[in-house]
Amino acid sequence: MRRTTVRLDDQLLKEDKRAAAEAGQSLTRLIEEALQETLTRRSSRERRRRIRLPTYGREGVLPGVDLDNSGALLDLMEGIDSSR
């Protein structure tokens with residue numbers, strides 16, 4: 001274990017000390033857990049690989065279909081012309 005100096009915002013340090021006390025642990029332990037959690041999340045995002053979903057018939061979506069616009073997509077599926 002090594003000792004190091006970390007500069008923290010005064011308000012953040014105050015909140016961290018309070019959270020550590022409420023959890024019954026040291027400030028050092030609270031910071032260690034937060035750093036470990038952040039590093040674990042980061043490494044799990046890096047390990048994710050792209051998933052290719054199967055399509056049937058044509059490749060991709062039809063022209064004019066925006067999968068990020070759920071309202072327009074519902075209108076299209078229900079046969080409503082949203083361009084009017």
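Just so we're clear, the structure is a prediction, and the values are computed from it rather than from any experiment. Computed over heavy atoms, backbone and side chain alike; hydrogens, waters and symmetry mates excluded.
- A pairwise comparison of heavy atoms in Leu30 and Asp16 identifies CD2-O, 3.4 Å as the closest pair.
- Side chains of Val65 and Leu73 form a contact here, defined as non-hydrogen atoms less than 4.5 Å apart.
- The NZ atom of Lys17 sits 9.5 Å away from the CG atom of Leu8 when rounded to the nearest 0.5 Å.
- Glu33 CD to Thr38 OG1: the interatomic distance, rounded to the nearest 0.5 Å, is 11.5 Å.
- Evaluation of the salt bridge (Lys or Arg N to Asp or Glu O under 4.0 Å) rule for Glu32 yields Arg29 as partners, not counting sequence neighbours.
- The side chain to side chain donor-acceptor pair (under 3.5 Å) analysis of residues 1-10, with sequence neighbours excluded, yields no pairs.
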One pair to check against side-chain contact (heavy atoms from CB on, under 4.5 Å): Arg18 and Lys14. What are the steps and the verdict?
CA-CA 6 Å; Arg18 182 180 43 77; Lys14 185 178 179 181; over 6 Å; no
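- Here the CD atom belonging to Glu15 is positioned 6.5 Å from the CG atom belonging to Leu12, to the nearest 0.5 angstrom.
- When side chains are defined from C-beta on, Leu27 counts as touching Ile31, because their heavy atoms get closer than 4.5 Å.
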